[in-house]
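In what follows, chains carry the letters A, B, and so on, assigned in the order in which the sequence lines appear, proteins first and then strands, with residues in each chain numbered from 1. What's counted below: heavy atoms across the whole structure, side chains too, no hydrogens, waters or symmetry copies.
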Amino acid sequence: MQKKPLVVLTGPTAVGKTKASIDLAKAVGGEIISADSMQVYRYMDIGSAKIRKEEMCGVPHHLIDVLEPREEFHVVKFQKLAKEAMEGIYSRGHLPIIVGGTGFYIQALLYDIDFTESTQDDALRKKLSVYAKEEGAEALHEKLRLVDPKAAEDIHANNVKRVIRALEFYAQTGERISEHNETERQKESPYQFAYFVLNDNRERLYERINRRVDQMLDDGLVEEVRFLKERGYTKDLVSMQGLGYKEILEYLDGDCTLEEAVYKIKRDTRHFAKRQITWFKREREVIWVEKEAYHYEEQLMLDYMLDVLRKRQILT
RNA sequence: AGGGGAUUGGUCAAGUGGUAUGAUAGGGGUCUCCAAAACCUUUGGCGGGGGUUCGAUUCCCUCAUCCCCUG
(Lines give C-alpha, C1' and ligand atoms only; values in the text may rest on other atoms or scores of the structure.)
Protein backbone atom coordinates (compact mmCIF):
# COMPACT_ATOMS: atom_id res chain seq x y z
CA MET A 1 0.00 0.00 0.00
CA GLN A 2 1.16 3.46 -0.88
CA LYS A 3 2.23 5.54 2.10
CA LYS A 4 0.12 8.59 2.79
CA PRO A 5 1.78 11.97 2.36
CA LEU A 6 2.56 14.20 5.32
CA VAL A 7 4.41 17.46 5.71
CA VAL A 8 5.91 18.73 8.95
CA LEU A 9 6.90 22.34 9.38
CA THR A 10 8.44 23.13 12.71
CA GLY A 11 11.21 25.10 14.35
CA PRO A 12 11.93 26.94 17.57
CA THR A 13 9.40 29.32 19.01
CA ALA A 14 9.14 32.72 17.34
CA VAL A 15 11.13 31.68 14.30
CA GLY A 16 8.24 32.45 11.98
CA LYS A 17 6.46 29.13 11.54
CA THR A 18 2.98 30.57 11.30
CA LYS A 19 3.72 32.82 8.39
CA ALA A 20 5.65 30.17 6.50
CA SER A 21 2.98 27.58 7.10
CA ILE A 22 0.27 29.68 5.49
CA ASP A 23 2.39 30.27 2.41
CA LEU A 24 3.09 26.58 2.16
CA ALA A 25 -0.49 25.49 2.75
CA LYS A 26 -1.79 27.85 0.12
CA ALA A 27 0.79 26.65 -2.38
CA VAL A 28 -0.06 22.98 -1.97
CA GLY A 29 -3.71 23.02 -1.00
CA GLY A 30 -2.95 21.85 2.49
CA GLU A 31 -4.71 21.87 5.81
CA ILE A 32 -2.83 22.64 8.99
CA ILE A 33 -2.73 20.54 12.13
CA SER A 34 -1.27 22.41 15.06
CA ALA A 35 1.32 20.48 17.07
CA ASP A 36 1.29 22.85 19.96
CA SER A 37 0.52 22.01 23.54
CA MET A 38 -0.89 25.45 24.38
CA GLN A 39 -2.78 26.57 21.31
CA VAL A 40 -5.27 23.78 21.86
CA TYR A 41 -6.72 25.85 24.70
CA ARG A 42 -9.46 28.36 24.22
CA TYR A 43 -9.00 31.87 25.63
CA MET A 44 -5.23 31.47 25.59
CA ASP A 45 -4.50 33.49 22.50
CA ILE A 46 -1.91 36.15 23.14
CA GLY A 47 0.47 34.19 25.36
CA SER A 48 0.44 31.16 23.11
CA ALA A 49 1.02 33.29 20.00
CA LYS A 50 -2.00 31.67 18.45
CA ILE A 51 -2.74 32.39 14.83
CA ARG A 52 -5.64 34.78 14.34
CA LYS A 53 -8.61 33.97 12.16
CA GLU A 54 -7.74 36.62 9.60
CA GLU A 55 -4.15 35.39 9.37
CA MET A 56 -5.34 31.96 8.32
CA CYS A 57 -6.25 33.23 4.84
CA GLY A 58 -8.86 30.55 4.53
CA VAL A 59 -6.52 27.68 5.29
CA PRO A 60 -8.29 25.18 7.57
CA HIS A 61 -6.65 24.71 10.97
CA HIS A 62 -7.07 21.79 13.29
CA LEU A 63 -6.34 21.29 16.99
CA ILE A 64 -6.63 24.94 17.84
CA ASP A 65 -9.16 26.09 20.44
CA VAL A 66 -10.47 22.62 21.03
CA LEU A 67 -10.08 22.37 24.81
CA GLU A 68 -11.07 24.29 27.90
CA PRO A 69 -8.09 25.38 30.00
CA ARG A 70 -9.26 23.03 32.70
CA GLU A 71 -8.87 19.98 30.49
CA GLU A 72 -5.70 17.97 30.37
CA PHE A 73 -3.71 17.59 27.23
CA HIS A 74 -0.81 15.30 26.53
CA VAL A 75 0.87 13.37 23.72
CA VAL A 76 -1.61 10.54 23.65
CA LYS A 77 -4.51 12.90 23.26
CA PHE A 78 -2.64 14.86 20.66
CA GLN A 79 -1.86 11.74 18.72
CA LYS A 80 -5.47 10.64 18.75
CA LEU A 81 -6.92 14.00 17.74
CA ALA A 82 -4.28 14.56 15.09
CA LYS A 83 -4.89 11.19 13.51
CA GLU A 84 -8.60 11.89 13.38
CA ALA A 85 -7.97 15.24 11.78
CA MET A 86 -5.71 13.62 9.22
CA GLU A 87 -8.40 11.16 8.21
CA GLY A 88 -10.67 14.06 7.40
CA ILE A 89 -7.98 15.85 5.45
CA TYR A 90 -7.17 12.80 3.35
CA SER A 91 -10.83 12.25 2.67
CA ARG A 92 -11.02 15.75 1.27
CA GLY A 93 -8.06 15.00 -0.92
CA HIS A 94 -5.88 17.52 0.85
CA LEU A 95 -2.35 17.42 2.20
CA PRO A 96 -1.93 17.51 5.99
CA ILE A 97 0.73 19.90 7.27
CA ILE A 98 1.81 19.55 10.87
CA VAL A 99 2.84 22.92 12.21
CA GLY A 100 4.01 23.57 15.74
CA GLY A 101 6.96 23.53 18.05
CA THR A 102 6.30 20.52 20.24
CA GLY A 103 8.81 18.03 18.90
CA PHE A 104 7.60 15.23 21.06
CA TYR A 105 4.11 15.47 19.59
CA ILE A 106 5.47 15.48 16.08
CA GLN A 107 7.51 12.41 16.81
CA ALA A 108 4.53 10.59 18.27
CA LEU A 109 2.50 11.24 15.17
CA LEU A 110 5.16 10.84 12.53
CA TYR A 111 6.37 7.48 13.78
CA ASP A 112 3.02 6.47 15.16
CA ILE A 113 4.55 5.68 18.54
CA ASP A 114 2.56 3.23 20.54
CA PHE A 115 1.40 4.58 23.89
CA THR A 116 -1.77 2.62 24.23
CA GLU A 117 -0.51 -0.41 26.08
CA SER A 118 -0.99 1.26 29.39
CA THR A 119 -3.52 3.76 30.54
CA GLN A 120 -2.78 6.60 32.84
CA ASP A 121 -2.96 5.60 36.48
CA ASP A 122 -3.26 8.67 38.65
CA ALA A 123 -3.41 6.76 41.91
CA LEU A 124 -0.18 4.93 41.26
CA ARG A 125 1.55 8.07 40.06
CA LYS A 126 0.53 9.92 43.15
CA LYS A 127 1.70 7.11 45.39
CA LEU A 128 5.10 7.01 43.73
CA SER A 129 5.37 10.75 43.84
CA VAL A 130 4.72 10.77 47.56
CA TYR A 131 7.26 8.01 48.00
CA ALA A 132 9.85 10.07 46.20
CA LYS A 133 9.11 13.04 48.38
CA GLU A 134 9.34 11.10 51.61
CA GLU A 135 12.10 8.63 50.88
CA GLY A 136 14.02 10.62 48.34
CA ALA A 137 14.54 10.46 44.61
CA GLU A 138 17.37 7.98 45.05
CA ALA A 139 15.12 5.50 46.80
CA LEU A 140 12.58 5.68 44.01
CA HIS A 141 15.31 5.26 41.45
CA GLU A 142 16.48 2.17 43.31
CA LYS A 143 13.02 0.64 42.87
CA LEU A 144 13.37 1.13 39.15
CA ARG A 145 16.83 -0.39 39.15
CA LEU A 146 15.37 -3.59 40.51
CA VAL A 147 12.81 -4.03 37.74
CA ASP A 148 14.44 -2.28 34.81
CA PRO A 149 18.17 -1.70 35.23
CA LYS A 150 18.56 -0.37 31.72
CA ALA A 151 15.93 2.33 32.25
CA ALA A 152 17.47 3.18 35.62
CA GLU A 153 20.77 3.71 33.92
CA ASP A 154 19.26 5.94 31.25
CA ILE A 155 17.11 8.05 33.52
CA HIS A 156 18.77 10.28 36.07
CA ALA A 157 17.53 9.75 39.62
CA ASN A 158 16.55 13.40 39.94
CA ASN A 159 14.23 13.13 37.00
CA VAL A 160 11.43 11.86 39.18
CA LYS A 161 8.76 12.39 36.57
CA ARG A 162 10.31 9.93 34.19
CA VAL A 163 11.33 7.46 36.86
CA ILE A 164 7.69 7.34 37.88
CA ARG A 165 6.58 6.81 34.31
CA ALA A 166 9.02 3.93 33.90
CA LEU A 167 7.79 2.29 37.08
CA GLU A 168 4.19 2.82 36.08
CA PHE A 169 4.83 1.23 32.73
CA TYR A 170 6.35 -1.84 34.33
CA ALA A 171 3.59 -2.14 36.90
CA GLN A 172 0.88 -1.99 34.28
CA THR A 173 2.33 -4.05 31.48
CA GLY A 174 4.90 -6.25 33.14
CA GLU A 175 7.21 -5.13 30.38
CA ARG A 176 10.30 -2.97 30.72
CA ILE A 177 9.94 0.49 29.28
CA SER A 178 13.55 0.44 28.15
CA GLU A 179 12.73 -2.50 25.88
CA HIS A 180 9.50 -0.97 24.71
CA ASN A 181 11.23 2.28 23.82
CA GLU A 182 13.94 0.42 21.99
CA THR A 183 11.35 -1.27 19.79
CA GLU A 184 9.47 1.93 19.12
CA ARG A 185 12.67 3.68 18.23
CA GLN A 186 13.28 1.25 15.37
CA LYS A 187 9.98 2.15 13.79
CA GLU A 188 9.81 3.45 10.29
CA SER A 189 7.32 6.19 9.61
CA PRO A 190 4.09 5.00 7.99
CA TYR A 191 4.04 8.24 6.01
CA GLN A 192 5.69 9.58 2.92
CA PHE A 193 6.90 12.71 4.65
CA ALA A 194 9.11 15.76 4.64
CA TYR A 195 10.16 17.15 8.02
CA PHE A 196 11.18 20.79 7.72
CA VAL A 197 12.82 22.64 10.58
CA LEU A 198 12.81 26.37 10.11
CA ASN A 199 15.68 27.98 11.98
CA ASP A 200 17.58 31.20 12.38
CA ASN A 201 20.87 32.10 13.99
CA ARG A 202 20.70 32.22 17.73
CA GLU A 203 21.21 35.91 18.17
CA ARG A 204 18.42 36.88 15.82
CA LEU A 205 16.11 34.30 17.25
CA TYR A 206 16.64 35.58 20.79
CA GLU A 207 16.01 39.11 19.62
CA ARG A 208 12.77 38.04 18.01
CA ILE A 209 11.73 36.30 21.20
CA ASN A 210 12.41 39.35 23.32
CA ARG A 211 10.54 41.55 20.93
CA ARG A 212 7.62 39.19 20.69
CA VAL A 213 7.21 39.07 24.44
CA ASP A 214 7.11 42.86 24.55
CA GLN A 215 4.51 42.75 21.80
CA MET A 216 2.43 40.29 23.80
CA LEU A 217 2.38 42.71 26.70
CA ASP A 218 1.29 45.50 24.37
CA ASP A 219 -1.39 43.26 22.97
CA GLY A 220 -2.83 42.71 26.42
CA LEU A 221 -1.28 39.59 27.86
CA VAL A 222 -1.88 40.77 31.40
CA GLU A 223 -5.58 41.29 30.68
CA GLU A 224 -5.81 37.87 29.09
CA VAL A 225 -4.33 36.20 32.14
CA ARG A 226 -6.48 38.28 34.46
CA PHE A 227 -9.53 37.08 32.56
CA LEU A 228 -8.44 33.46 32.96
CA LYS A 229 -7.74 34.00 36.63
CA GLU A 230 -11.18 35.51 37.15
CA ARG A 231 -12.73 32.51 35.49
CA GLY A 232 -11.15 30.39 38.17
CA TYR A 233 -8.25 28.87 36.28
CA THR A 234 -5.38 28.40 38.67
CA LYS A 235 -1.68 27.78 38.44
CA ASP A 236 -1.93 24.06 39.08
CA LEU A 237 -3.61 23.55 35.72
CA VAL A 238 -1.28 22.32 33.01
CA SER A 239 -2.61 25.02 30.71
CA MET A 240 -1.74 27.75 33.16
CA GLN A 241 1.82 26.52 33.42
CA GLY A 242 2.48 27.62 29.89
CA LEU A 243 5.16 30.17 29.20
CA GLY A 244 3.83 33.64 29.79
CA TYR A 245 0.88 32.43 31.82
CA LYS A 246 2.51 31.18 34.97
CA GLU A 247 4.71 34.27 35.20
CA ILE A 248 1.91 36.78 34.72
CA LEU A 249 -0.21 34.83 37.16
CA GLU A 250 2.57 35.18 39.69
CA TYR A 251 2.55 38.91 39.09
CA LEU A 252 -1.23 39.12 39.47
CA ASP A 253 -0.97 37.18 42.70
CA GLY A 254 1.47 39.80 43.93
CA ASP A 255 4.41 37.42 44.11
CA CYS A 256 6.63 39.45 41.80
CA THR A 257 6.71 42.68 39.87
CA LEU A 258 5.61 42.91 36.26
CA GLU A 259 9.18 43.66 35.31
CA GLU A 260 10.40 40.46 36.93
CA ALA A 261 7.64 38.48 35.27
CA VAL A 262 8.58 39.80 31.85
CA TYR A 263 12.24 39.07 32.47
CA LYS A 264 11.39 35.49 33.34
CA ILE A 265 9.14 35.01 30.33
CA LYS A 266 11.87 36.17 28.00
CA ARG A 267 14.53 34.09 29.65
CA ASP A 268 12.45 30.92 29.84
CA THR A 269 11.31 31.33 26.27
CA ARG A 270 14.93 31.54 25.17
CA HIS A 271 15.70 28.40 27.13
CA PHE A 272 12.73 26.73 25.56
CA ALA A 273 13.86 27.63 22.06
CA LYS A 274 17.27 26.19 22.82
CA ARG A 275 15.75 22.91 23.95
CA GLN A 276 13.60 22.74 20.86
CA ILE A 277 16.64 23.13 18.65
CA THR A 278 18.42 20.41 20.59
CA TRP A 279 15.46 18.14 20.01
CA PHE A 280 15.35 18.71 16.27
CA LYS A 281 19.10 18.19 15.95
CA ARG A 282 18.64 14.74 17.35
CA GLU A 283 15.59 13.85 15.32
CA ARG A 284 16.20 11.67 12.28
CA GLU A 285 15.50 12.75 8.74
CA VAL A 286 14.95 16.44 9.34
CA ILE A 287 15.50 19.04 6.65
CA TRP A 288 16.91 22.25 8.07
CA VAL A 289 15.76 25.46 6.50
CA GLU A 290 18.13 28.12 7.76
CA LYS A 291 16.58 31.50 7.16
CA GLU A 292 19.97 33.16 6.94
CA ALA A 293 21.00 30.90 4.06
CA TYR A 294 17.99 32.17 2.12
CA HIS A 295 18.71 35.77 3.03
CA TYR A 296 15.37 35.83 4.81
CA GLU A 297 13.56 35.66 1.49
CA GLU A 298 10.33 33.83 2.14
CA GLN A 299 9.74 33.02 -1.50
CA LEU A 300 13.12 31.28 -1.78
CA MET A 301 12.42 29.14 1.26
CA LEU A 302 9.00 28.23 -0.05
CA ASP A 303 10.39 27.30 -3.45
CA TYR A 304 12.96 25.09 -1.81
CA MET A 305 10.34 23.29 0.27
CA LEU A 306 8.09 22.78 -2.73
CA ASP A 307 11.03 21.38 -4.61
CA VAL A 308 11.67 18.83 -1.89
CA LEU A 309 8.01 17.85 -1.84
CA ARG A 310 8.06 17.21 -5.56
CA LYS A 311 11.25 15.19 -5.38
CA ARG A 312 9.75 13.04 -2.69
CA GLN A 313 6.57 12.71 -4.68
CA ILE A 314 4.54 14.17 -1.89
CA LEU A 315 3.40 16.67 -4.45
CA THR A 316 2.60 15.47 -7.89
C1' A B 1 40.34 71.37 41.87
C1' G B 2 40.60 68.92 46.90
C1' G B 3 39.02 64.71 50.03
C1' G B 4 36.92 59.77 50.37
C1' G B 5 35.28 55.04 48.28
C1' A B 6 35.04 51.42 44.50
C1' U B 7 37.20 48.23 40.36
C1' U B 8 36.71 39.91 40.87
C1' G B 9 33.91 35.72 34.20
C1' G B 10 28.41 39.07 30.07
C1' U B 11 25.82 40.65 34.92
C1' C B 12 25.46 40.58 40.43
C1' A B 13 27.97 39.19 44.64
C1' A B 14 31.82 36.18 48.22
C1' G B 15 36.92 35.61 49.43
C1' U B 16 42.26 34.75 50.45
C1' G B 17 49.86 36.66 51.03
C1' G B 18 50.36 30.32 48.03
C1' U B 19 46.23 32.55 41.21
C1' A B 20 39.40 32.11 43.55
C1' U B 21 33.50 30.70 45.56
C1' G B 22 28.47 31.17 44.31
C1' A B 23 24.18 32.96 41.78
C1' U B 24 22.59 34.29 37.04
C1' A B 25 23.09 34.76 31.84
C1' G B 26 25.49 31.98 27.74
C1' G B 27 26.96 26.93 25.43
C1' G B 28 26.12 21.43 25.00
C1' G B 29 22.85 17.34 26.00
C1' U B 30 18.74 13.68 27.63
C1' C B 31 13.75 12.88 26.36
C1' U B 32 8.58 7.50 23.59
C1' C B 33 1.73 9.70 28.47
C1' C B 34 2.26 16.78 32.45
C1' A B 35 7.14 18.08 26.87
C1' A B 36 5.79 25.89 26.80
C1' A B 37 7.29 20.12 31.28
C1' A B 38 11.15 17.47 33.85
C1' C B 39 16.25 16.47 34.13
C1' C B 40 21.79 16.32 33.20
C1' U B 41 26.25 18.85 31.93
C1' U B 42 29.72 22.88 30.84
C1' U B 43 33.06 27.44 28.73
C1' G B 44 34.42 32.16 30.73
C1' G B 45 37.35 36.08 35.67
C1' C B 46 40.86 39.11 40.03
C1' G B 47 41.29 47.13 35.33
C1' G B 48 46.78 48.65 33.42
C1' G B 49 51.84 49.41 35.14
C1' G B 50 55.43 49.36 38.99
C1' G B 51 57.14 48.03 44.08
C1' U B 52 57.55 44.92 48.80
C1' U B 53 57.83 39.44 49.09
C1' C B 54 60.35 32.98 47.99
C1' G B 55 55.37 34.07 46.17
C1' A B 56 50.44 39.29 45.24
C1' U B 57 43.97 38.98 43.17
C1' U B 58 44.99 40.16 48.38
C1' C B 59 49.88 44.89 51.09
C1' C B 60 52.17 49.75 49.10
C1' C B 61 52.72 53.45 44.97
C1' U B 62 50.92 55.13 40.39
C1' C B 63 47.71 55.53 36.10
C1' A B 64 42.77 54.73 34.18
C1' U B 65 37.55 54.44 34.89
C1' C B 66 33.26 55.05 37.92
C1' C B 67 30.62 56.82 42.39
C1' C B 68 30.08 60.12 46.72
C1' C B 69 31.30 64.63 49.50
C1' U B 70 33.33 69.72 49.59
C1' G B 71 34.17 74.01 46.61
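- Side-chain atoms of A/Met240 and A/Tyr233, non-hydrogen and from C-beta on, do get closer than 4.5 Å to each other.
- With hydrogens and angles disregarded, no donor-acceptor distance shorter than 3.5 Å links the side chain of A/Ser129 to the backbone of A/Arg125.
- With distances taken from any side-chain atom of A/His180 to the nucleotides B/rG26, B/rA35, B/rU32, the minimum falls on B/rU32.
- Listed pair A/Lys281 / B/rG29 meets the phosphate criterion, a side-chain N or O lying under 4.0 Å from OP1 or OP2.
- Candidate nucleotides B/rC34, B/rU32, B/rA36 were compared by shortest atom distance to the side chain of A/Phe115, and B/rU32 ranks first.
- Separating the P atom of B/rG28 from that of B/rG44 is a span of 16 Å, rounded to the nearest Å.
- Comparing the C1' positions of B/rG15 and B/rG9 gives a spacing of 16 Å, expressed to the nearest Å.
- Mapping A/Gln107 and A/Gly244 onto RNA chain B by nearest heavy atom places A/Gln107 closer to the 5' end of the strand.
- One finds no side-chain N or O of A/Arg267 lying less than 4.0 angstrom from the OP1 or OP2 phosphate oxygen of B/rU24.
- The side chain of A/Arg270 lies closest to B/rA25, out of B/rA25, B/rC34, B/rA35.
- For the residue pair A/Arg270 and A/Asn210, a side-chain donor N or O sits within less than 3.5 Å of a side-chain acceptor on the partner.
- The phosphate of B/rA37 has neither OP1 nor OP2 within less than 4.0 Å of any side-chain N or O from A/Tyr105.
- Residue A/Phe272 is found in a hydrophobic cluster whose other members, listed by chain and number, are A/Leu243; membership requires side-chain heavy atoms under 4.5 Å apart, directly or through intermediates.
- Rounded to whole Å, the P atom of B/rA25 lies 14 Å from the corresponding atom of B/rA37.
- Distance from the side chain of A/His74 is smallest to B/rA35 among B/rA35, B/rU32, B/rA36.
- Side-chain N/O atoms of A/Thr269 include none lying less than 4.0 angstrom from OP1 or OP2 on B/rA36.
- Distance check on atom P: B/rG50 versus B/rA13 gives 30 Å, rounded to whole Å.
- Between A/Tyr294 and A/Tyr304, the ring planes lie tilted relative to each other; the angle falls in the 30° to 60° range.
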Which atoms of nucleotides 38-42 of chain B (N or O only) lie under 3.5 Å from a protein N or O atom, and what are those distances?
from   : atom 1 : to       : atom 2 : distance (Å)
B/rA38 : O4'    : A/Lys161 : NZ     : 3.4
B/rA38 : O2'    : A/Asn159 : OD1    : 2.5
B/rC39 : O4'    : A/Asn159 : OD1    : 3.4
B/rC40 : OP1    : A/Asn158 : ND2    : 2.6

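- With distances taken from any side-chain atom of A/Tyr263 to the nucleotides B/rU24, B/rA35, B/rG27, the minimum falls on B/rU24.
- When every heavy atom of A/Val59 is checked against every heavy atom of A/Ala25, the shortest pair comes out as CG1-CB, 3.6 Å.
- Close to B/rC34, at under 4.0 Å from its OP1 or OP2, lies no side-chain N or O of A/Lys77.
- The side chain of A/Arg202 approaches B/rG27 more closely than any other nucleotide in the set B/rG27, B/rG26, B/rC34.
- Relative to the side chain of A/Thr278, the nucleotides B/rA35, B/rG29, B/rU32 differ in distance, and B/rG29 lies closest.
- The same atom, C1', is picked in B/rG47 and in B/rU7; the two are 7 Å apart, to the nearest Å.
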